[in-house]
2 protein chains.
Amino acid sequence: MGHKRGKIVTLVDVAAKVGVSRMTVSKVMRDVGNISEETRLRVKRAADELGYLPNSLAGSLSSRKSRMVGVIIPSMSDIVFSEVLSGVTAVLRPRGFHTFIGESHFDPDVEAGLIREMLSLQPAGLLLNGGTARSRDAQRLLEKRNCPAIQLWDCDNTDLDFSVGPSHAEAGHLVAMHFLARGLRRIAYVGAELEKDLCARSRYVALRLSLAAAGVELVEVTSETTPRQAATGRTLTQQLMRADPDTQAIHYLNDAMALGGLSYLHEAGIAVPGQISVVGFNGTSIPNTVRTRLTTIDMQRTAIGEMAAHALLTMLANANTERSWRATLHLVQGNTTTAV
Amino acid sequence: MGHKRGKIVTLVDVAAKVGVSRMTVSKVMRDVGNISEETRLRVKRAADELGYLPNSLAGSLSSRKSRMVGVIIPSMSDIVFSEVLSGVTAVLRPRGFHTFIGESHFDPDVEAGLIREMLSLQPAGLLLNGGTARSRDAQRLLEKRNCPAIQLWDCDNTDLDFSVGPSHAEAGHLVAMHFLARGLRRIAYVGAELEKDLCARSRYVALRLSLAAAGVELVEVTSETTPRQAATGRTLTQQLMRADPDTQAIHYLNDAMALGGLSYLHEAGIAVPGQISVVGFNGTSIPNTVRTRLTTIDMQRTAIGEMAAHALLTMLANANTERSWRATLHLVQGNTTTAV
DNA sequence: TGAGGCGATGTTATCGATAACACCATAACG
DNA sequence: CGTTATGGTGTTATCGATAACATCGCCTCA
């Protein structure tokens, strides 16, 4: 294998080498307590020479404090969530915290399993991404936890200690207002996997209700079997436009699907935003790096991750905070004049 | 806060409730040893009623075995690496292993720090992504480890116990052959952050050397200050084409940059692949979901992650394997006839 | 019938650290 | 000169589990 199976260097070895008690070594390593500068240096050097590496498992067990934070997101290959994750670790890592990740794939049972496993690792905190329905099992587990838990990506859900994210209901409403303000009335929604993703569904429902309030009916074209990606957006848009050629506006579940849709619309010679108005969701950089300018809702994904991490840190510092942080929703207008 | 700070349920509590020793409970929870069906059930039920959750930190400390695997990747917001990660967790999670993540951002010192922290968590194994230079500190740390470590994303580097990934040198050579076979002689390379990313640099160098062997000089247009993204690819391509309008072929550091390049080329009225031949790297789905068909090298990212995980599992099972798995390189040909 | 096997459970000794407190010089102080 | 801080260090008792071995009926077979 190449790696040593040999003896592990522990506090005891360092202590023996220096001729002090292991408590002294422990204090030196953690920079606590009163240690004379001289012994401090001797210990440091001995530790270095022996290649001593503290065992944080033992430390955590003893102090009943860990520096591990569990994060559960629906999927890692979706850039949206991995950017949130990136924000989280960017804040936590420099402060000595480690994140371990779980992918729920929008499955409540998987999520519950992950929560169980994570709690058994005695985390300092838990960050749970919205979108997945919280099973009863998961709720029971969470009640027993002895660490703060934060709801990510959805500030409408306030079951946990803190929520960070947008109001998806508000986002849906925002899109409705955007369309209505332009006098558009033949409006469609294109999405996928809505049965699983509660956040997306919440936006869809809000859009539908807000439109209904204005007497406008929403056409829905969705698929539960294909992924929420460009290809699906393209197919569904084609399907939609054939069934209802007079469609004036489309809201997509996310930017990727919108991009697929734009691709079809352009090919079919339908001008955007001339003939049809398109709104995506997320504000991912992909569509905008090239020549498309997609109207979308910017989700400040990294900021949400960072904010959640900060909230967690605050709760760990003073165990009294209880609030939530609502991400502001920006509808970024682009004008899609060129092909995708 | 909402979460209980109260008493923690341990083995002892369950044991007391059932009237057996804690060892018995421990065995039941882990499904080992000989336990009568009757006590097994009683223990299970008591554990459930008390809401007992095993403390895996304590378990790991005692058994000197953990089920945590540390993974270090350069960046999580780069979809390439997060897909590798996704493959890793897809294999490890169902087997009871947890992955904790570190982002090195191609910084050797950050990587060393991450390795140190991860080792102190007593991981079952370590997966280190290629690309980042391994600092001397990191090497010293790795020598002291007592768990298998696997090199990801780069099979040319065989410092660790196992390597999974492509040969970047080979990839560069492959591209050279692709161009030369087509009789192209004015060839350029467009990339970014080459000083940091050793894998990318290795491809670049191999390309240059293979071309030189055929008497062809490679034009290099790179930037160290802008990110490896579409926008940079676009800018650099523009710069390249102005300086050298007769360029016949361009190899890009990755697909995103290639996409940016294509966008410029199309706008400038330069036909691809008619006037100029373009090859990207990675085989990400982004370019292909729309209407572009980019010639690229498919990296089977998820497969690499899965393979690495399997290799790790194998090494944990029988501590004698020592090999490497070389990902096959597919050059996927597309014909970019339409605009981006 | 007594050695041995076996299924089921309990005992003891860690694992590597930390919290909390005890201890003991020496310095400061009234 | 006894009394109290205080800086520096050591002791003891966990933390929550597991490995390894011990134990103890009870059954089997030579």
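Hydrogens, waters and symmetry mates are skipped; everything else that's a heavy atom, side chains included, is used. Per chain, numbering begins at 1; letters A, B, ... match sequence-line order.
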**Q** Whole-Å distance between C:dA17 C1' and A:Y52 OH?
**A**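 The distance from OH of A:Y52 to C1' of C:dA17 comes to 7 Å, rounded to the nearest Å.
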**Q** Whole Å only: how far is the CG atom of A:L11 from the P atom of D:dT9?
**A**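 Spelled out: CG on A:L11 to P on D:dT9 is 16 Å.
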**Q** Does B:R42 have any salt bridge (Lys or Arg N to Asp or Glu O under 4.0 Å) partners at least two apart in sequence or in another chain, and if so, which?
**A**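 Salt bridge (Lys or Arg N to Asp or Glu O under 4.0 Å) check on B:R42 returns B:E38.
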**Q** So, the side chain of B:K144 versus the backbone of A:L50: is there a donor-acceptor pair under 3.5 Å, distance only?
**A**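 Side chain of B:K144 to backbone of A:L50, a donor-acceptor pair under 3.5 Å: yes, one is there.
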**Q** Rounded off to whole Å, could you give me the CZ-to-C1' distance for the B:R42 and C:dA8 pair?
**A**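 So the two atoms are 13 Å apart, to the nearest Å.
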**Q** In whole Å, what is the span from the CD atom of A:E38 to the P atom of D:dG7?
**A**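 In whole Å, D:dG7 P lies 18 Å from A:E38 CD.
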**Q** In this structure, how many angstroms lie between the P atom of C:dA17 and the CZ atom of A:R30, rounded?
**A**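 Nearest whole value for this atom pair: 11 Å.
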**Q** If you count every heavy atom of other residues, nucleotides or ligands that lies below 6.0 Å from A:R45 atom CZ, does the total exceed 12?
**A**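 Not buried by this count: 12 neighbours or fewer within 6.0 Å.
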**Q** Have A:S120 and B:S56 got a donor and an acceptor in their side chains that come within less than 3.5 Å?
**A**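 Judged by distance alone, the side chains do pair up.
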**Q** Nearest-Å distance, CD (A:Q122) to P (D:dC15)?
**A**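 Going from CD in A:Q122 over to P in D:dC15 covers 13 Å.
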**Q** Take A:S63 and B:S63, find for each the nucleotide of DNA chain C with the closest heavy atom, and name the residue whose nucleotide sits nearer the 5' end.
**A**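 Of the two residues, B:S63 wins.
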**Q** Among A:L85, A:V84, A:D78, A:L127, find the residue that satisfies the side-chain contact (heavy atoms from CB on, under 4.5 Å) test when tested with A:I73.
**A**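 When A:L85, A:V84, A:D78, A:L127 are each tested with A:I73, the side-chain contact (heavy atoms from CB on, under 4.5 Å) holds only for A:L85.
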**Q** Identify each atom pair where a protein N or O and an N or O of nucleotides 22-24 of chain D are less than 3.5 Å apart, giving names and distance.
**A**
none

**Q** Tell me: CG of A:D31 to P of C:dT18, nearest whole Å?
**A**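 Result: 12 Å.
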**Q** Would you sort out whether A:E111 and A:T132 count as a side chain to side chain donor-acceptor pair (under 3.5 Å), showing the intermediate values?
**A** CA-CA 8 Å; A:E111 195 201 38; A:T132 310; 4.7 Å; no
**Q** What is the distance, rounded to the nearest whole Å, between atom CG of B:N146 and atom C1' of C:dC15?
**A**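 That distance rounds to 13 Å.
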**Q** Is the closest side-chain heavy-atom distance between B:N129 and B:L152 below 4.5 Å?
**A**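 Heavy-atom side-chain distance check passes, below 4.5 Å.
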**Q** Are there over 12 heavy-atom neighbours, none belonging to B:E49, within less than 6.0 Å of that residue's CD?
**A**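 Atom CD in B:E49 is crowded, with more than 12 foreign heavy atoms closer than 6.0 Å.
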**Q** I'd like to compare against my own output: the B/S/- annotation of nucleotides 9-14 of chain C with a strict under-4.0 Å heavy-atom distance to protein.
**A** BBB-B-
**Q** Both B:E37 and B:L61 contact DNA chain C. Which one's nearest nucleotide lies toward the 5' end?
**A**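 So the residue in question is B:E37.
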**Q** Do B:R67 and A:E117 sit within salt-bridge range, that is, some charged N less than 4.0 Å from a carboxylate O?
**A**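 Salt bridge flag = no for A:E117 with B:R67.
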